[in-house]
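First comes the structure, then the notes that go with it.
All chains are named by letter (A, B, ...) in the order of the sequence lines, taking the proteins before the strands, and each is independently numbered beginning at 1. Keep in mind the model is a prediction, meaning the values are calculated, not measured.
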Amino acid sequence: MQLLAIFHQLYDRHGPQHWWPAETPFEVMVGAMLTQNTAWRNVEIAIANLKAVGRLELESILAMPIEALAQAIRPAGYFNVKAKRLQHLCQFLQQHPELDQLDSDQLRRQLLSIHGIGPETADDILLYAFNRPVFVIDAYTRRLFSRLGLVEADIGYESMREEFERVLDADPRLFNEYHALIVIHAKEICRPRPMCGACPLVQMCSYAVTT
DNA sequence: ACCCAGGGTCATA
DNA sequence: TATGACCATGGG
């Protein structure tokens with residue numbers, strides 16, 4: 001797999017993405033939960049609401065009544081579920097200071113033990129809040145690389161992550177930029193359905209590759 | 001009226 | 001282990 005060559009193609013096409021779009025590591029974690037199966041545009045509204053209502057901090061989210069929290073994040077969808085998940089996350093963070101002392105594997109296990117945090121959200125947090133060299137796999141990543149014929153369409157999360165981390169240098173800056181580029185590229189070009197005919201990266205957006 | 005979006009949990013077989 | 005139901009808003 002020529003993963004590094006693909007990275008450079010994406011970088012040349014789209015440029016640096018400066019992820020994660022957040023002011024603090026805590027905001028990264030909140031955004032990672034809110035964006036579960038949800039358009040980022042809607043998450044931005046929810047985060048703006050949180051900042052307007054009570055400041056985006058652990059204590060104020062815990063102090064907020066669950067109903068008020070749910071109303072604030074309403075635009076992000078699944079608001080009842082996500083309100084509970086946010087408070088679970090905050091309780092965990094409050095009870096486990098010094099998380100940054102753990103190595104990446106231990107930290108990953110801790111994050112996965114939190115109700116509402118699955119593999120992708122955990123890896124978002126590891127990479128973008130804790131700056132750990134963890135490659136985030138998501139639907140975009142699977143779609144792009146399966147369409148390129150480099151992985152099976154139904155490849156599991158862990159096996160795909162391990163493959164990427166085995167081939168690439170464990171560089172958090174690389175992983176940060178790579179995942180962001182995959183997301184941007186998939187939104188603009190590697191769509192669920194075919195789009196226009198003229199695309200600078202013919203191979204990377206061809207719909208015919210998979211179907 | 002569909003389909004999609006920077007997923008995860010839970011019940012069932 | 002592997003599906004399916006469920007959660008819910010907003011834009012194309």
Problem set entry | Between Trp40(A) and Trp19(A), ring centroids under 6.0 Å | no
When we call it a touch if two heavy atoms are under 4.0 Å apart, what does [X] touch: a base, just sugar-phosphate, or nothing?
X         : value
Asp124(A) : nothing
Ile117(A) : sugar-phosphate
Lys82(A)  : nothing

What's touching nucleotides 10-13 of chain B from the protein side, N or O pairs under 3.5 Å?
none

Problem set entry | Pair assignment for dT9(B), Watson-Crick or G-U wobble, requiring both distances under 3.5 Å | dA5(C)
For this session: Please step through ring pair (Phe, Tyr, Trp, His ring centres under 6.0 Å) for the pair Phe145(A) and Phe164(A), ending with a clear verdict.
Result: CA-CA 11 Å; Phe145(A) 286 91; Phe164(A) 275 64; 5.0 Å; yes
Residues 61-70 of chain A, side-chain donor-acceptor partners within the protein, below 3.5 Å, at least two apart:
none

Quick test: give all pairs of protein nitrogen or oxygen and nucleotides 1-4 of chain C nitrogen or oxygen below 3.5 Å, distance rounded to 0.1 Å.
none

For this session: Looking only at side-chain atoms of Arg85(A), point me to the closest of dA5(B), dC7(C), dG8(B).
Result: dG8(B)
Exercise. Looking at dC4(B), dG7(B), dG11(C), which one has an atom nearest to any side-chain atom of Arg41(A)?
Worked result: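 Given the options dC4(B), dG7(B), dG11(C), the side chain of Arg41(A) is closest to dG11(C).
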For this session: Check whether any side-chain N or O of Thr35(A) sits under 4.0 Å from OP1 or OP2 of dA5(B), and answer yes or no.
Result: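 So the side-chain polar atoms of Thr35(A) never come under 4.0 Å of the phosphate oxygens OP1 or OP2 of dA5(B).
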Seminar exercise, completed: Comparing nearest nucleotides in DNA chain B, the 5'-proximal residue of the pair Tyr128(A), Leu112(A) is Tyr128(A)
